[in-house]
Visitor: 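The following block contains the structure, expressed as C-alpha coordinates.
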2 protein chains.
Amino acid sequence: MKVTYKGDYALKTILDLSLHYDSDIVTSNDIAKRIDAPIKFLEQVLSELKKGGFVLSKRGKVGGYILAKNPAKITVGQVIRFIDGPVEPIACINKGYTNCSDASKCVLKKVWEQVGMAVSAIIDKVNFEDLANEVRKSKQEPVYSI
Amino acid sequence: MKVTYKGDYALKTILDLSLHYDSDIVTSNDIAKRIDAPIKFLEQVLSELKKGGFVLSKRGKVGGYILAKNPAKITVGQVIRFIDGPVEPIACINKGYTNCSDASKCVLKKVWEQVGMAVSAIIDKVNFEDLANEVRKSKQEPVYSI
DNA sequence: TACTATTCCTATCGATTCGGTATGAATTAT
DNA sequence: ATAATTCATACCGAATCGATAGGAATAGTA
Ligand code: FES
Ligand code: FES
(Lines give C-alpha, C1' and ligand atoms only; values in the text may rest on other atoms or scores of the structure.)
(Ligands and ions follow the chains in the order given, each with its own letter.)
Protein backbone atom coordinates (compact mmCIF):
# COMPACT_ATOMS: atom_id res chain seq x y z
CA MET A 1 0.00 0.00 0.00
CA LYS A 2 1.20 3.39 -0.95
CA VAL A 3 -0.30 6.69 0.04
CA THR A 4 1.00 9.47 -2.18
CA TYR A 5 0.77 13.20 -1.60
CA LYS A 6 -2.15 13.16 -3.96
CA GLY A 7 -3.91 10.69 -1.70
CA ASP A 8 -2.93 12.72 1.31
CA TYR A 9 -4.43 15.87 -0.22
CA ALA A 10 -7.53 13.99 -1.30
CA LEU A 11 -8.20 12.70 2.20
CA LYS A 12 -7.62 16.11 3.73
CA THR A 13 -9.91 17.65 1.15
CA ILE A 14 -12.72 15.28 1.96
CA LEU A 15 -12.13 15.90 5.63
CA ASP A 16 -12.22 19.65 5.11
CA LEU A 17 -15.46 19.36 3.14
CA SER A 18 -16.86 17.11 5.84
CA LEU A 19 -16.25 19.86 8.35
CA HIS A 20 -18.28 22.21 6.16
CA TYR A 21 -20.98 19.73 5.26
CA ASP A 22 -24.48 21.24 5.30
CA SER A 23 -23.15 24.76 5.68
CA ASP A 24 -20.85 26.37 3.14
CA ILE A 25 -19.70 25.81 -0.37
CA VAL A 26 -15.94 25.80 -0.28
CA THR A 27 -13.52 27.03 -2.95
CA SER A 28 -10.41 25.19 -3.98
CA ASN A 29 -8.47 28.19 -2.80
CA ASP A 30 -9.83 27.91 0.72
CA ILE A 31 -9.07 24.22 0.87
CA ALA A 32 -5.60 24.71 -0.53
CA LYS A 33 -4.76 27.22 2.17
CA ARG A 34 -6.15 25.13 4.98
CA ILE A 35 -4.54 21.86 4.00
CA ASP A 36 -1.39 23.53 2.70
CA ALA A 37 -1.45 22.16 -0.83
CA PRO A 38 -0.44 23.86 -4.10
CA ILE A 39 -3.70 25.11 -5.52
CA LYS A 40 -3.12 24.01 -9.09
CA PHE A 41 -2.24 20.54 -7.96
CA LEU A 42 -5.25 20.45 -5.69
CA GLU A 43 -7.48 21.36 -8.61
CA GLN A 44 -6.42 18.15 -10.31
CA VAL A 45 -7.17 16.20 -7.19
CA LEU A 46 -10.59 17.81 -6.94
CA SER A 47 -11.23 16.93 -10.55
CA GLU A 48 -10.53 13.27 -9.78
CA LEU A 49 -12.63 13.37 -6.65
CA LYS A 50 -15.47 14.69 -8.73
CA LYS A 51 -15.10 11.93 -11.27
CA GLY A 52 -15.08 9.49 -8.40
CA GLY A 53 -18.40 10.80 -7.20
CA PHE A 54 -17.06 12.12 -3.91
CA VAL A 55 -17.69 15.82 -4.48
CA LEU A 56 -20.02 18.10 -6.41
CA SER A 57 -18.95 21.38 -7.89
CA LYS A 58 -20.48 24.65 -8.88
CA ARG A 59 -18.76 26.77 -11.47
CA GLY A 60 -18.66 30.51 -11.89
CA LYS A 61 -18.25 33.37 -9.54
CA VAL A 62 -19.49 32.02 -6.24
CA GLY A 63 -18.61 28.47 -7.15
CA GLY A 64 -16.86 25.84 -5.14
CA TYR A 65 -17.16 22.33 -3.89
CA ILE A 66 -19.36 20.35 -1.53
CA LEU A 67 -19.46 16.71 -0.58
CA ALA A 68 -21.59 14.53 -2.80
CA LYS A 69 -22.81 12.40 0.09
CA ASN A 70 -22.98 12.27 3.82
CA PRO A 71 -19.52 12.11 5.44
CA ALA A 72 -20.63 9.05 7.35
CA LYS A 73 -20.92 7.21 4.06
CA ILE A 74 -17.43 7.99 2.86
CA THR A 75 -14.57 5.90 4.17
CA VAL A 76 -10.83 6.41 4.03
CA GLY A 77 -10.63 3.16 2.10
CA GLN A 78 -12.92 4.36 -0.66
CA VAL A 79 -11.00 7.55 -1.19
CA ILE A 80 -7.51 6.13 -1.01
CA ARG A 81 -8.29 3.21 -3.26
CA PHE A 82 -9.76 5.53 -5.83
CA ILE A 83 -6.83 7.92 -5.79
CA ASP A 84 -3.85 5.70 -5.08
CA GLY A 85 -5.03 2.34 -6.28
CA PRO A 86 -5.41 -1.02 -4.62
CA VAL A 87 -4.29 -1.51 -1.10
CA GLU A 88 -2.51 -4.80 -1.55
CA PRO A 89 1.24 -4.49 -1.16
CA ILE A 90 2.43 -6.37 -4.24
CA ALA A 91 1.59 -6.89 -7.88
CA CYS A 92 0.98 -10.60 -7.68
CA ILE A 93 -2.29 -10.02 -5.90
CA ASN A 94 -3.60 -8.56 -9.10
CA LYS A 95 -3.65 -10.13 -12.53
CA GLY A 96 -0.91 -10.61 -15.07
CA TYR A 97 1.77 -11.53 -12.59
CA THR A 98 3.62 -14.58 -13.87
CA ASN A 99 6.57 -14.57 -11.56
CA CYS A 100 5.30 -17.37 -9.39
CA SER A 101 5.06 -20.60 -11.33
CA ASP A 102 2.29 -21.87 -9.12
CA ALA A 103 0.67 -18.79 -7.67
CA SER A 104 -2.19 -20.78 -6.23
CA LYS A 105 0.30 -22.42 -3.90
CA CYS A 106 2.66 -19.53 -3.33
CA VAL A 107 3.13 -19.18 0.40
CA LEU A 108 4.09 -15.54 0.11
CA LYS A 109 0.93 -14.63 -1.67
CA LYS A 110 -0.99 -15.81 1.34
CA VAL A 111 0.97 -13.41 3.48
CA TRP A 112 0.14 -10.48 1.22
CA GLU A 113 -3.49 -11.45 1.18
CA GLN A 114 -3.54 -11.41 4.95
CA VAL A 115 -1.87 -8.02 4.97
CA GLY A 116 -4.36 -6.68 2.48
CA MET A 117 -7.24 -7.88 4.57
CA ALA A 118 -5.81 -6.40 7.73
CA VAL A 119 -5.34 -3.04 6.07
CA SER A 120 -8.80 -3.10 4.58
CA ALA A 121 -10.33 -3.94 7.93
CA ILE A 122 -9.05 -0.63 9.22
CA ILE A 123 -9.43 1.81 6.36
CA ASP A 124 -12.86 0.56 5.36
CA LYS A 125 -14.16 1.20 8.83
CA VAL A 126 -12.94 4.77 9.30
CA ASN A 127 -15.49 7.20 7.89
CA PHE A 128 -15.33 10.95 7.60
CA GLU A 129 -18.07 11.76 10.05
CA ASP A 130 -16.00 10.15 12.77
CA LEU A 131 -12.87 11.89 11.58
CA ALA A 132 -14.62 15.26 11.45
CA ASN A 133 -15.94 14.75 14.97
CA GLU A 134 -12.49 13.90 16.16
CA VAL A 135 -11.18 17.10 14.66
CA ARG A 136 -13.94 19.19 16.25
CA LYS A 137 -13.29 17.57 19.58
CA SER A 138 -9.56 18.12 19.43
CA LYS A 139 -10.11 21.78 18.64
CA GLN A 140 -12.01 22.22 21.86
CA GLU A 141 -9.18 20.86 23.93
CA PRO A 142 -6.42 23.44 23.77
CA VAL A 143 -2.89 22.12 23.87
CA TYR A 144 -1.00 23.21 26.92
CA SER A 145 2.36 23.37 25.28
CA ILE A 146 5.27 25.09 26.95
CA MET B 1 3.72 -0.25 2.29
CA LYS B 2 5.25 -1.16 -0.99
CA VAL B 3 6.74 -4.47 -1.99
CA THR B 4 8.90 -4.12 -5.07
CA TYR B 5 10.20 -6.86 -7.33
CA LYS B 6 13.46 -6.53 -5.47
CA GLY B 7 11.66 -7.31 -2.25
CA ASP B 8 9.79 -10.11 -3.94
CA TYR B 9 13.05 -11.65 -5.15
CA ALA B 10 14.66 -11.17 -1.76
CA LEU B 11 11.89 -13.01 0.04
CA LYS B 12 11.92 -15.84 -2.47
CA THR B 13 15.67 -16.05 -2.17
CA ILE B 14 15.52 -16.39 1.59
CA LEU B 15 12.78 -18.95 1.20
CA ASP B 16 14.84 -20.91 -1.30
CA LEU B 17 17.84 -20.85 0.99
CA SER B 18 15.62 -21.90 3.88
CA LEU B 19 14.62 -24.97 1.91
CA HIS B 20 18.33 -25.83 1.55
CA TYR B 21 19.33 -24.89 5.06
CA ASP B 22 21.78 -27.38 6.62
CA SER B 23 22.28 -29.18 3.33
CA ASP B 24 23.63 -27.47 0.26
CA ILE B 25 25.39 -24.33 -0.67
CA VAL B 26 23.36 -22.68 -3.40
CA THR B 27 24.59 -20.61 -6.33
CA SER B 28 22.95 -17.44 -7.49
CA ASN B 29 22.34 -19.19 -10.78
CA ASP B 30 20.34 -21.95 -9.14
CA ILE B 31 18.26 -19.47 -7.20
CA ALA B 32 17.68 -17.33 -10.26
CA LYS B 33 16.34 -20.26 -12.21
CA ARG B 34 14.10 -21.48 -9.43
CA ILE B 35 12.58 -18.13 -8.55
CA ASP B 36 12.62 -16.88 -12.13
CA ALA B 37 14.67 -13.75 -11.61
CA PRO B 38 17.28 -12.16 -13.90
CA ILE B 39 20.56 -13.41 -12.53
CA LYS B 40 22.42 -10.12 -12.65
CA PHE B 41 19.63 -8.39 -10.85
CA LEU B 42 19.49 -11.15 -8.31
CA GLU B 43 23.20 -10.74 -7.65
CA GLN B 44 22.50 -7.21 -6.50
CA VAL B 45 19.76 -8.43 -4.25
CA LEU B 46 22.05 -11.07 -2.80
CA SER B 47 24.68 -8.43 -2.21
CA GLU B 48 22.19 -6.42 -0.17
CA LEU B 49 21.00 -9.48 1.70
CA LYS B 50 24.59 -10.15 2.63
CA LYS B 51 25.09 -6.61 3.90
CA GLY B 52 21.91 -7.05 5.88
CA GLY B 53 23.32 -10.12 7.59
CA PHE B 54 20.77 -12.48 6.13
CA VAL B 55 23.10 -14.62 4.05
CA LEU B 56 26.72 -15.75 3.96
CA SER B 57 28.66 -16.28 0.79
CA LYS B 58 31.58 -18.31 -0.44
CA ARG B 59 33.51 -17.11 -3.46
CA GLY B 60 35.34 -19.09 -6.13
CA LYS B 61 34.59 -22.19 -8.02
CA VAL B 62 32.23 -24.08 -5.77
CA GLY B 63 30.97 -20.93 -4.14
CA GLY B 64 27.45 -19.88 -3.39
CA TYR B 65 25.19 -18.70 -0.62
CA ILE B 66 23.77 -20.05 2.59
CA LEU B 67 21.53 -18.53 5.22
CA ALA B 68 23.35 -16.68 7.96
CA LYS B 69 20.94 -17.84 10.63
CA ASN B 70 18.22 -20.32 11.34
CA PRO B 71 15.15 -19.78 9.13
CA ALA B 72 13.02 -19.69 12.24
CA LYS B 73 14.80 -16.52 13.25
CA ILE B 74 14.19 -14.65 10.03
CA THR B 75 10.83 -13.00 9.50
CA VAL B 76 9.20 -11.58 6.41
CA GLY B 77 9.13 -8.24 8.19
CA GLN B 78 12.87 -8.15 8.72
CA VAL B 79 13.62 -8.87 5.10
CA ILE B 80 11.05 -6.60 3.52
CA ARG B 81 11.86 -3.68 5.77
CA PHE B 82 15.54 -4.02 4.97
CA ILE B 83 14.99 -4.21 1.22
CA ASP B 84 11.96 -2.03 0.62
CA GLY B 85 12.01 0.30 3.58
CA PRO B 86 9.51 1.05 6.32
CA VAL B 87 6.12 -0.52 6.25
CA GLU B 88 4.08 2.56 7.09
CA PRO B 89 1.97 3.74 4.20
CA ILE B 90 2.77 7.46 4.19
CA ALA B 91 5.62 9.85 4.64
CA CYS B 92 4.21 11.69 7.62
CA ILE B 93 4.86 8.72 9.84
CA ASN B 94 8.55 9.41 9.43
CA LYS B 95 10.42 12.63 10.09
CA GLY B 96 10.65 15.81 8.09
CA TYR B 97 7.00 15.90 7.05
CA THR B 98 5.65 19.38 7.61
CA ASN B 99 2.40 19.14 5.71
CA CYS B 100 0.24 18.80 8.78
CA SER B 101 0.40 21.93 10.86
CA ASP B 102 -0.32 20.01 14.03
CA ALA B 103 0.79 16.47 13.33
CA SER B 104 0.35 15.46 16.94
CA LYS B 105 -3.37 15.98 16.51
CA CYS B 106 -3.75 14.86 12.90
CA VAL B 107 -6.58 12.38 12.80
CA LEU B 108 -5.29 10.80 9.61
CA LYS B 109 -1.93 10.08 11.11
CA LYS B 110 -3.64 7.95 13.69
CA VAL B 111 -5.19 5.90 10.92
CA TRP B 112 -1.81 5.31 9.30
CA GLU B 113 -0.32 4.33 12.60
CA GLN B 114 -3.02 1.75 13.08
CA VAL B 115 -2.45 0.43 9.60
CA GLY B 116 1.28 0.21 10.21
CA MET B 117 0.73 -1.73 13.40
CA ALA B 118 -1.70 -4.12 11.75
CA VAL B 119 0.74 -4.83 8.95
CA SER B 120 3.61 -5.31 11.35
CA ALA B 121 1.59 -7.70 13.45
CA ILE B 122 1.43 -10.01 10.46
CA ILE B 123 4.76 -9.74 8.75
CA ASP B 124 6.75 -9.80 11.98
CA LYS B 125 5.16 -13.09 12.94
CA VAL B 126 5.72 -15.01 9.72
CA ASN B 127 9.13 -16.67 9.76
CA PHE B 128 10.90 -18.68 7.10
CA GLU B 129 10.87 -21.99 8.89
CA ASP B 130 7.09 -21.91 8.79
CA LEU B 131 7.08 -20.81 5.18
CA ALA B 132 9.54 -23.53 4.20
CA ASN B 133 7.43 -26.15 5.95
CA GLU B 134 4.36 -24.92 4.14
CA VAL B 135 6.17 -25.28 0.85
CA ARG B 136 7.37 -28.80 1.68
CA LYS B 137 3.89 -29.76 2.72
CA SER B 138 2.27 -28.36 -0.39
CA LYS B 139 4.71 -30.26 -2.57
CA GLN B 140 3.55 -33.53 -1.08
CA GLU B 141 -0.04 -32.83 -1.93
CA PRO B 142 -0.27 -33.02 -5.70
CA VAL B 143 -2.80 -30.78 -7.33
CA TYR B 144 -5.55 -32.65 -9.05
CA SER B 145 -6.14 -30.15 -11.73
CA ILE B 146 -8.31 -30.92 -14.74
C1' DT C 1 -22.48 44.57 -21.27
C1' DA C 2 -18.04 44.32 -18.88
C1' DC C 3 -15.70 42.44 -15.06
C1' DT C 4 -14.35 39.10 -11.90
C1' DA C 5 -13.98 34.88 -9.51
C1' DT C 6 -14.26 30.56 -9.93
C1' DT C 7 -14.09 25.62 -12.04
C1' DC C 8 -12.27 22.89 -15.75
C1' DC C 9 -8.94 21.15 -19.24
C1' DT C 10 -4.51 19.81 -21.01
C1' DA C 11 0.28 20.01 -21.64
C1' DT C 12 4.76 19.97 -19.79
C1' DC C 13 8.59 19.13 -16.61
C1' DG C 14 12.39 17.90 -13.24
C1' DA C 15 13.47 14.51 -9.97
C1' DT C 16 13.32 10.05 -8.38
C1' DT C 17 12.49 5.21 -8.43
C1' DC C 18 12.10 0.78 -10.64
C1' DG C 19 13.64 -3.09 -12.91
C1' DG C 20 17.10 -4.43 -15.37
C1' DT C 21 21.75 -4.68 -18.43
C1' DA C 22 26.58 -4.49 -19.11
C1' DT C 23 31.25 -5.02 -18.09
C1' DG C 24 34.54 -6.79 -15.82
C1' DA C 25 37.49 -7.60 -11.53
C1' DA C 26 38.53 -10.78 -7.66
C1' DT C 27 38.50 -15.26 -5.79
C1' DT C 28 38.85 -20.26 -5.52
C1' DA C 29 38.55 -25.37 -6.76
C1' DT C 30 40.30 -28.51 -10.08
C1' DA D 1 45.85 -22.58 -16.71
C1' DT D 2 40.95 -22.92 -16.66
C1' DA D 3 36.50 -22.49 -15.29
C1' DA D 4 33.02 -21.17 -12.17
C1' DT D 5 31.68 -18.39 -9.07
C1' DT D 6 31.06 -13.93 -6.12
C1' DC D 7 31.69 -8.99 -6.05
C1' DA D 8 31.73 -4.09 -7.64
C1' DT D 9 30.21 -0.38 -10.37
C1' DA D 10 28.23 2.09 -13.94
C1' DC D 11 24.60 2.85 -16.88
C1' DC D 12 19.78 2.99 -18.92
C1' DG D 13 14.82 3.23 -20.45
C1' DA D 14 10.36 3.58 -18.62
C1' DA D 15 7.27 4.94 -15.32
C1' DT D 16 5.69 7.63 -11.46
C1' DC D 17 5.52 11.60 -8.49
C1' DG D 18 4.63 16.17 -7.39
C1' DA D 19 4.11 19.78 -9.26
C1' DT D 20 3.82 24.15 -12.64
C1' DA D 21 1.83 26.70 -16.65
C1' DG D 22 -1.53 28.63 -19.50
C1' DG D 23 -5.66 29.30 -20.55
C1' DA D 24 -10.86 28.07 -21.72
C1' DA D 25 -15.51 27.85 -19.91
C1' DT D 26 -18.92 29.30 -16.65
C1' DA D 27 -21.60 32.17 -13.71
C1' DG D 28 -22.64 35.91 -10.58
C1' DT D 29 -22.67 41.07 -10.25
C1' DA D 30 -22.21 46.11 -11.16
S1 FES E 1 2.25 -15.30 -6.15
FE2 FES E 1 2.93 -13.44 -5.20
S3 FES E 1 4.95 -13.87 -4.46
FE4 FES E 1 4.20 -15.75 -5.33
S1 FES F 1 0.37 14.01 9.99
FE2 FES F 1 0.10 12.56 8.34
S3 FES F 1 -1.67 13.21 7.27
FE4 FES F 1 -1.49 14.57 8.97
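Proteins get letters first, then strands, A, B, ... in listed order; numbering begins at 1 in each.
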Visitor: Tell whether B:R59 reaches the base of D:dT6 with its side chain through a donor-acceptor pair below 3.5 angstrom.
Guide: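 When only heavy-atom distances are counted, B:R59 does reach the base of D:dT6 through a donor-acceptor pair under 3.5 Å.
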
Visitor: Starting at the 5' end of DNA chain D and moving along, which residue's nearest nucleotide shows up first, A:P38 or A:K61?
Guide: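 Residue closer to the 5' terminus by nearest nucleotide: A:P38.
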
Visitor: Looking at A:K12 and A:D16, is there a salt bridge between them, counting it only when a charged N and a carboxylate O are closer than 4.0 Å?
Guide: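 So A:D16 does not pair with A:K12 through a salt bridge.
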
Visitor: Which pair of non-hydrogen atoms, one from A:L49 and one from A:I14, has the smallest distance, and what is that distance?
Guide: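 Taking every non-hydrogen atom into account, CD1-CD1, 4.1 Å.
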
Visitor: So, does the side chain of A:Q44 form a donor-acceptor pair with the base of D:dT20 at under 3.5 Å?
Guide: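 By the distance-only test, yes, there is a pair.
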
Visitor: When the distance from CG of A:L46 to P of D:dG18 is rounded to whole Å, what number comes out?
Guide: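 It works out to 17 Å between those atoms.
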
Visitor: Taking only side-chain N and O atoms of B:S47, does any of them lie within less than 4.0 angstrom of OP1 or OP2 on D:dT6?
Guide: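 No.
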
Visitor: Hey, is the side chain of B:K6 pairing donor to acceptor with the base of C:dG20 inside 3.5 Å?
Guide: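 Counting by modelled atom types and ignoring angles, no donor-acceptor contact under 3.5 Å is found here.
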
Visitor: Compare side-chain N and O positions of A:K50 against OP1 and OP2 of C:dC8 and report whether any pair is under 4.0 Å apart.
Guide: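 Indeed, a polar side-chain atom of A:K50 lies that close.
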
Visitor: Kindly say if A:Y65 contacts the phosphate of C:dT6, meaning a side-chain N or O under 4.0 Å from OP1 or OP2.
Guide: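 Checking C:dT6 against A:Y65, no side-chain N or O comes under 4.0 Å of OP1 or OP2.
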
Visitor: Measuring to OP1 and OP2 of C:dC8, would you say a side-chain N or O of A:K51 lies under 4.0 angstrom away?
Guide: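 No, no such contact exists.
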
Visitor: Under 3.5 Å, is there a donor-acceptor pair linking the side chains of B:N127 and B:T75?
Guide: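 Judged by distance alone, the side chains do not pair up.
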
Visitor: Is any NZ, NE, NH1 or NH2 atom of the basic residue among B:K110 and B:E113 found under 4.0 Å from an Asp or Glu carboxylate oxygen of the other?
Guide: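 Between B:E113 and B:K110 there is no salt bridge, as every charged N stays at least 4.0 Å from the carboxylate O atoms.
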
Visitor: For the side chain of A:K58, starting at C-beta, report the closest nucleotide among D:dA3, D:dG28, D:dA19.
Guide: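 Given the options D:dA3, D:dG28, D:dA19, the side chain of A:K58 is closest to D:dG28.
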
Visitor: Without decimals, in angstroms, what is the distance between B:I66 CD1 and D:dT5 C1'?
Guide: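 Going from CD1 in B:I66 over to C1' in D:dT5 covers 15 Å.
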
Visitor: Which comes earlier along DNA chain C counting from the 5' end, the contact point of B:I39 or that of A:T27, where each point is its nearest nucleotide?
Guide: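 Between the two, 5'-proximity favours A:T27.
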
Visitor: Side-chain N or O of A:S57 less than 4.0 angstrom from OP1 or OP2 on C:dT7?
Guide: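 Result: no.
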
Visitor: To the nearest Å, how far apart are B:F41 CZ and C:dA22 P?
Guide: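 Rounding to the nearest Å, CZ of B:F41 and P of C:dA22 are 15 Å apart.
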
Visitor: Which nucleotide, C:dT7, D:dA19, D:dA27, lies nearest any side-chain atom of A:E43?
Guide: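 Taking heavy atoms from C-beta onward, the closest nucleotide is C:dT7.
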
Visitor: Could you tell me whether A:E48 and A:K6 make a salt bridge, using a distance below 4.0 angstrom between a side-chain N and a carboxylate O?
Guide: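 Here A:E48 pairs with A:K6 in a salt bridge, since their nearest N and O are under 4.0 Å apart.
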
Visitor: Once you round it to whole Å, what is the distance between P of D:dA21 and CG of A:L42?
Guide: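 From A:L42 CG to D:dA21 P: 17 Å.
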
Visitor: Rounded to whole Å, please give me the gap between CG in A:L56 and P in C:dT7.
Guide: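 It is 14 Å, rounded to the nearest whole Å.
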
Visitor: Under 3.5 Å, is there an N or O donor on one side and an acceptor on the other linking the side chain of A:K40 and the base of D:dG23?
Guide: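 Answer yes: a donor N or O sits under 3.5 Å from an acceptor.
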
Visitor: Would you mind reading off the distance between A:K2 atom NZ and C:dC18 atom C1', rounded to a whole angstrom?
Guide: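 Rounding to the nearest Å, NZ of A:K2 and C1' of C:dC18 are 13 Å apart.
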
Visitor: Quick one: do A:F54 and A:F82 satisfy ring-ring contact (aromatic ring centres under 6.0 Å, His included)? Show the steps, please.
Guide: CA-CA 10 Å; A:F54 295 102; A:F82 182 75; 5.7 Å; yes

Visitor: For B:Y5 and D:dA15, give me the distance from atom OH to atom P, rounded to whole Å.
Guide: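 After rounding, the reported distance stands at 14 Å.
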
Visitor: C:dT6 P sits how many Å from A:D30 CG, rounded?
Guide: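 For the pair A:D30 CG and C:dT6 P, the rounded distance is 8 Å.
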
Visitor: Check whether any side-chain nitrogen or oxygen of B:Y9 sits under 4.0 Å from OP1 or OP2 of C:dG20, and answer yes or no.
Guide: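 Checking C:dG20 against B:Y9, a side-chain N or O does come within under 4.0 Å of OP1 or OP2.
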
Visitor: Is the distance from OP1 or OP2 of C:dG19 to the nearest side-chain N or O of B:T4 less than 4.0 Å?
Guide: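 For C:dG19, OP1 or OP2 has a side-chain N or O of B:T4 closer than 4.0 Å.
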
